[in-house]
Amino acid sequence: MRLYYGSYQNGGGLVDTLIAHNTCYGSTGPLLQIDADEHRGSVVANNIFVQEPNRQMTAVMGKTTGLTFQSNLWCGQQPQPLARSAADVFDDPELQDAAGFDPLSFRLRPSSPAIGATIFKTIVAVDFSGQRRARESIGAW
């Protein structure tokens with residue numbers, strides 16, 4: 001999965017958009033791509049991004065005014081400096097079995113550095129399986 005916002009020359013930007021608690025794993029293109037536009041009040045937080053070797057992690061273009069990046073976990077490649085925050089984690093997220101296609105493969109192991117790692121609290125109270133988050137964790141679980 002990859003996250004992509006495209007303006008397609010029509011404009012509009014990300015406005016009051018929350019991109020949170022996703023797990024993005026391997027892509028032939030950038031895992032996170034945001035085209036240049038007029039963004040306002042939007043947040044990219046608490047996501048896991050695991051990219052393959054020799055692949056681009058991020059392609060954030062234009063100004064990041066109106067975008068906040070916070071508490072994301074990056075693994076495999078480095079994101080652009082403008083997509084980083086002091087609260088980010090740069091480590092292996094310790095996924096159960098990311099090579100599989102079953103969503104359960106992307107659950108966090110108990111020793112994952114993503115567990116309890118967020119400082120940015122979101123309104124996403126449940127994980128991918130619909131279970132209440134016991135501890136605020138980065139990613140879909």
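For reference, positions follow the sequence shown, starting with 1.
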query = Taking all atoms of both residues into account, what is the closest heavy-atom pair of A36 and G62, and its distance?
reply = CB-CA, 3.7 Å
message = side-chain contact (heavy atoms from CB on, under 4.5 Å), that's the test. Do Q51 and R2 meet it? Break it down for me.
response = CA-CA 10 Å; Q51 185 58 299; R2 88 187 257 219; over 6 Å; no
Verify same cluster id: Y4, M61 (apolar side-chain graph, 4.5 Å) = no
query = For residues Q96 and S105, is any side-chain donor paired with an opposing acceptor at under 3.5 Å?
reply = no
key: L104 side, atom CG; L95 side, atom CG - distance, nearest 0.5 Å   = 12.5 Å
message = Quick check on D102: does its CG atom have over 12 non-hydrogen neighbours (other residues, nucleotides or ligands) under 6.0 Å away?
response = yes
ask   = Are the side chain of H21 and the backbone N or O of S137 linked by a donor-acceptor pair below 3.5 Å?
value = yes
task = Taking the side chain as every heavy atom from C-beta outward, state whether Q70 and I119 have any atom pair closer than 4.5 Å.
result = yes
task = Give the intermediate values and the outcome of side-chain contact (heavy atoms from CB on, under 4.5 Å) for residues Y5 and Q33.
result = CA-CA 6 Å; Y5 163 79; Q33 182 169 339; over 6 Å; no
query = Of D88, T58, N47, which meets side-chain hydrogen bond (donor to acceptor under 3.5 Å, both in side chains) against W74?
reply = D88
task = Could you please spell out the steps behind the side-chain contact (heavy atoms from CB on, under 4.5 Å) verdict for T28 and R55?
result = CA-CA 7 Å; T28 56; R55 303 281 187 189; 4.1 Å; yes
ask   = Does atom CZ of R109 have more than 12 heavy-atom neighbours from other groups under 6.0 Å away?
value = yes
query = Are Y25 and I48 close enough that some pair of their side-chain heavy atoms sits under 4.5 Å apart?
reply = no
message = Quick check for you: to the nearest 0.5 Å, what is the distance between S42 atom OG and D16 atom CG?
response = 6.0 Å
message = I'd like to know whether CD of E38 has more than 12 heavy-atom contacts from other residues, nucleotides or ligands below 6.0 angstrom.
response = no
query = How far apart are the C-alpha atoms of V44 and T68, what are their side-chain angles, what is the distance that settles it, and do they pass the side-chain contact (heavy atoms from CB on, under 4.5 Å) test?
reply = CA-CA 6 Å; V44 179; T68 299; over 6 Å; no
request  = Evaluate the side-chain proximity of V43 to I19: yes if any heavy-atom separation is below 4.5 Å, no if none is.
outcome  = no
query = With a 4.5 Å limit on heavy-atom distance, are the side chains of E52 and Q77 in contact?
reply = no
message = Using a 3.5 Å distance criterion without hydrogens, assess whether the side chain of T23 forms a donor-acceptor pair with backbone atoms of A140.
response = yes
ask   = Does H39 offer a backbone N or O that forms a donor-acceptor pair with the side chain of D37 under 3.5 Å?
value = no
query = Knowing that exactly one of N72, L73, N46 qualifies, which makes a side-chain contact (heavy atoms from CB on, under 4.5 Å) with T118?
reply = N46
request  = Without swapping roles, check the side chain of N22 against the backbone of C24 for a donor-acceptor pair under 3.5 Å.
outcome  = no
task = Establish whether L82 and L32 are linked, either directly or via other cluster members, by ILVMFWY side-chain heavy-atom contacts under 4.5 Å.
result = yes
request  = Could you tell me whether the side chain of R107 reaches within less than 4.5 Å of the side chain of F128, counting heavy atoms only?
outcome  = no
task = Of all the heavy-atom pairs spanning P113 and D91, show the shortest one and how long it is.
result = CG-OD2, 3.6 Å
inquiry  = So which atom in F69 and which in A83 form the shortest heavy-atom distance, rounded to 0.1 Å?
reply    = CB-O, 3.3 Å
